[in-house]
Amino acid sequence: MMKPILFSKSHLPLVHARFIISGQIHDPFLAGNLLESLLRSAPIAHSAARAFVSSFPRRSAFIYNTLLHAYLIDNLPSRALHLFDEMLHCNAVPNKHTFPLLLKALAQTRQLHCGVSLHSMIIKLGFSSDQFVHASLIHFYGSLGRVLDARRVFNENSGSGVSAFTALLSGYVKSGNLSSAREVFDGMPERNLVSWSAMISGYVQFGAPGEALVLFWEMMGMNLRPTYSILASILVAAAELGALPEGKWVHGFLERSRMRLSSNLKTSLVHMYAKCGDLTSAKQTFERSRDRNVDLWNAMIGGLGLHGRGREASVLFSDMVADGIWPDDMTFVCLLSAYSHSGMVSDGRECFESMSRVYKIEPKEEHYSCMIDLLGRFGFLMEAIHLIEIMPMRPSDGIWGSLFTSCGTYGDIVLGEALGKHLIEMEPYEPGCYVRLANLYASSGRWKDALSVRAAMKSRGVELEPGCSLIEVDGVVHDFLL
DNA sequence: TTAGGGTTAG
């Protein structure tokens, strides 16, 4: 195998000029070396790379592939696809290295039809059994929600490699089918850290944090070294379960292994400590961190809010702005929810209003939802309705639901009855709506109406599932059915 | 001749 000749960054302009003068620029191999030297010294220098390529009279597939790769690294999938058009136009023949790059660009831009056409081209050119192309095709179909097509492509190759298995597994995860994902995982002839990561994060994303923890300990039992992303998934799982010892174990592991804590991991740690009720450790982690990005501030503001410390959350927000960190959407969700948990109605109003006026962030549905919840919780029902009326988007069932709950709290039977009926009409198989409407009737002595709501619920076959609460005692997570 | 794959939390 011939090694590429790489030129140092400082020599590049000179070498480029010399190639042009001597005519060596006509040699696609040397021109390719020049391009690769540039991109190795500055991987995101796509515009300089583009200029280089424009000066190459003969452009090989290698040259196009290298530039396609640079566009993808710089998160410019559309430019990569335009470059492919140019490649075909210039009669450069794509090779097996071209297709994984294009399939990634098409997955990112979610272009199913173009991907299907490209799939035909791959078959015609005879690249479909290449393991890189094969895994990329499965990933393409899986990430566009076409898991059956992903499975069909997977089945076409008998000796699928670990990447093809992982891509299929991840396709099932994306479609929410965790049991099929697990079947693929269990059937893998070999696994690597990427496959473990895909399965563990799949469990976390789809609300199965307990399974994620079990799988994590199984992985650790095999003496595999967890990656950052696996540890971050485990921190989320621990936060969901309120499993403080597991969360602390991850923190200890990171410190023992002297792994550098990225901002993302610090954010996950703060979130985990706050959700597990250890606000002191959350604060310590936050305060020890020197380079605080907006996500880390948000995690701490949200953590304080979760514990009803709205006043401290408000002070922290001011510190953040004073520190030169510009708030984002999530900052206001955390702040509004902190005010809601602390009964700080006027602060909430002011915050909601200043979002767009001062910080130029237009409130999204989640901000309206927080604000309506805050107003409703503290009895400002008419103001909450006014906000629903003026919000630019269609109110979600969650918004109507939180207002309905407030009607029950404040005994507003007329509004509550109208909302309850509306919600049942919208979601006839949601037991909570029936129960809350029946309770509302019962609280005002309208027993007949309460019974008829219960009867309607029964006749439609809607059953109330017991609620579940989790608590961790001495390292064991217990669940309670309510 | 050089290069291309699957995972990534809050």
Side-chain angles (χ1 to χ4, degrees), chain A residues 1-6 27-37 39-40 60-70 72-73 94-105 107 127 130-140 142-143 150 154 160-171 173-174 181 184-185 188 191-205 209 212 226-240 250 262-275 282 293-300 302-303 330 333-334:
Chain A
M1 194 182 287
M2 192 160 170
K3 280 195 172 175
I5 309 156
L6 294 174
D27 180 340
F29 182 69
L30 289 176
N33 285 165
L34 198 65
L35 179 64
E36 215 197 343
S37 303
L39 289 167
R40 287 227 187 157
S60 61
F62 174 78
I63 286 169
Y64 278 108
N65 294 345
T66 308
L67 193 51
L68 281 172
H69 192 201
L72 287 177
I73 286 177
N95 62 17
K96 61 180 182 175
H97 296 272
T98 317
F99 293 103
L101 299 165
L102 291 174
L103 286 165
K104 193 182 261 184
F127 293 131
D130 178 87
Q131 60 166 329
F132 291 87
V133 176
H134 184 229
S136 302
L137 274 169
I138 297 164
H139 168 252
F140 167 76
S143 55
F154 177 86
S160 288
V162 63
S163 304
F165 273 94
T166 310
L168 182 63
L169 180 168
S170 148
V173 165
K174 282 182 189 122
V184 175
F185 182 78
M188 288 177 78
R191 298 183 194 120
N192 59 18
L193 285 169
V194 179
S195 0
W196 284 94
S197 177
M199 193 66 240
I200 290 172
S201 69
Y203 277 135
V204 175
Q205 280 172 59
T227 57
Y228 283 109
S229 69
I230 292 175
L231 291 171
S233 288
I234 293 305
L235 286 174
V236 178
E240 291 291 313
V250 172
S262 65
S263 300
N264 284 348
L265 268 174
K266 283 180 201 158
T267 304
S268 300
L269 279 168
V270 169
H271 174 77
M272 179 278 296
Y273 278 125
K275 285 274 277 184
N293 64 14
V294 67
D295 294 329
L296 188 63
W297 284 94
N298 290 348
M300 196 62 238
M330 187 51 75
V333 172
C334 294

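No experiment lies behind these values; they were computed from the predicted model shown.
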Could you check whether A:F154 and A:F165 have their ring centres less than 6.0 Å apart?
yes
Give one of base, sugar-phosphate or nothing for A:S136, where a contact means two heavy atoms less than 4.0 Å apart.
sugar-phosphate
I need the OH-C1' distance between A:Y64 and B:dA3, as an integer number of Å.
16 Å
Take atom CG of A:L72 and atom P of B:dG6, then tell me their distance rounded to the nearest Å.
10 Å
Short side-chain N/O contact to B:dG6 OP1/OP2 from A:K104, under 4.0 Å:
yes
Reckon A:K275 touches a base, only the sugar-phosphate, or nothing at all at heavy-atom distances under 4.0 Å?
nothing
Between B:dT2, B:dG10, B:dG5, which nucleotide gets closest to the side-chain atoms of A:H271?
B:dG10
Whole-Å distance, A:I63 CD1 to B:dG4 P, equals 16 Å
Looking across every strand, which nucleic acid part, if any, lies under 4.0 Å from A:A232 by heavy atom: base, sugar-phosphate, or nothing?
base
Taken to the nearest whole Å, CZ/A:F154 to C1'/B:dG5 is 14 Å
Between P of B:dT8 and CG of A:N192, the distance in whole Å
14 Å
Rounded interatomic separation in angstrom, taking CD1 from A:I73 and C1' from B:dG4:
11 Å
Given atom NE2 of A:H139 and atom C1' of B:dG4, what is their separation to the nearest angstrom?
14 Å
Going by centres under 5.5 angstrom and planes under 30 degrees, do the aromatic ring of A:F62 and the base ring of B:dT2 stack?
yes
Using the six-membered base ring of B:dT2, report whether A:F29 stacks on it, requiring centroids under 5.5 Å and planes under 30° apart.
no
Surrounding CE of A:M188 (heavy atoms of other residues, nucleotides or ligands, distance under 6.0 Å), is the total greater than 12?
yes
Please tell me which of the listed nucleotides, B:dG6, B:dA3, B:dG10, lies nearest to the side chain of A:N65?
B:dA3
Rounded to whole angstrom units, what separation is found between the CD1 atom of A:I234 and the P atom of B:dT8?
14 Å
Between the base of B:dG4 and the side chain of A:D130, is there any donor-acceptor pair under 3.5 Å?
yes
Would you classify A:V204 as touching base, sugar-phosphate or nothing, given that sugar-phosphate means primed atoms plus P, OP1 and OP2, and contacts are heavy atoms under 4.0 Å?
nothing
Heavy-atom distance under 4.5 Å between the side chains of A:L231 and A:P226, does that happen here?
yes
Looking only at side-chain N and O atoms, does A:H69 come under 4.0 Å of OP1 or OP2 in B:dG4?
yes
Is the shortest side-chain heavy-atom distance between A:S163 and A:T166 below 4.5 Å?
no
Reckon A:N33 touches a base, only the sugar-phosphate, or nothing at all at heavy-atom distances under 4.0 Å?
base
Under 4.0 angstrom, heavy atoms only, what part of the nucleic acid is A:V162 near: base, sugar-phosphate, or nothing?
base
Got a second to check how far A:N264's CG is from A:L235's CG, nearest 0.5 Å?
11.5 Å
For the side chain of A:S163 and the base of B:dG6, is some donor closer than 3.5 Å to an acceptor across the two?
yes
Check this one for me: any side-chain N or O of A:H97 less than 4.0 Å away from OP1 or OP2 of B:dG5?
no
For A:N293, all residues meeting side chain to side chain donor-acceptor pair (under 3.5 Å), sequence neighbours excluded
none
Is A:K96 close enough to B:dA3 that one of its side-chain N or O atoms is under 4.0 Å from OP1 or OP2 there?
no
Closest nucleotide among B:dA9, B:dT7, B:dT2 to the A:S233 side chain
B:dA9
Closest to the A:P100 side chain, choosing from B:dG4, B:dT7, B:dG10
B:dG4
Stacking between B:dG4 and A:F132, yes or no? Criterion: centroid separation under 5.5 angstrom, plane angle under 30 degrees.
yes
A:S197 side-chain N/O to B:dT8 phosphate OP1/OP2 under 4.0 Å
no
Taking the side chain of A:V133 as its heavy atoms from C-beta onward, which of B:dG5, B:dG4, B:dT2 lies nearest to it?
B:dG4
Can you list everything that forms a side chain to side chain donor-acceptor pair (under 3.5 Å) with A:T98? Sequence neighbours excluded, please.
A:N65, A:N95
For a quick test of reading the model: is some side-chain N or O of A:Q205 closer than 4.0 Å to OP1 or OP2 of B:dT8?
yes
Would you indicate which nucleotide in B:dG10, B:dG5, B:dT7 comes nearest to any side-chain atom of A:D295?
B:dG10
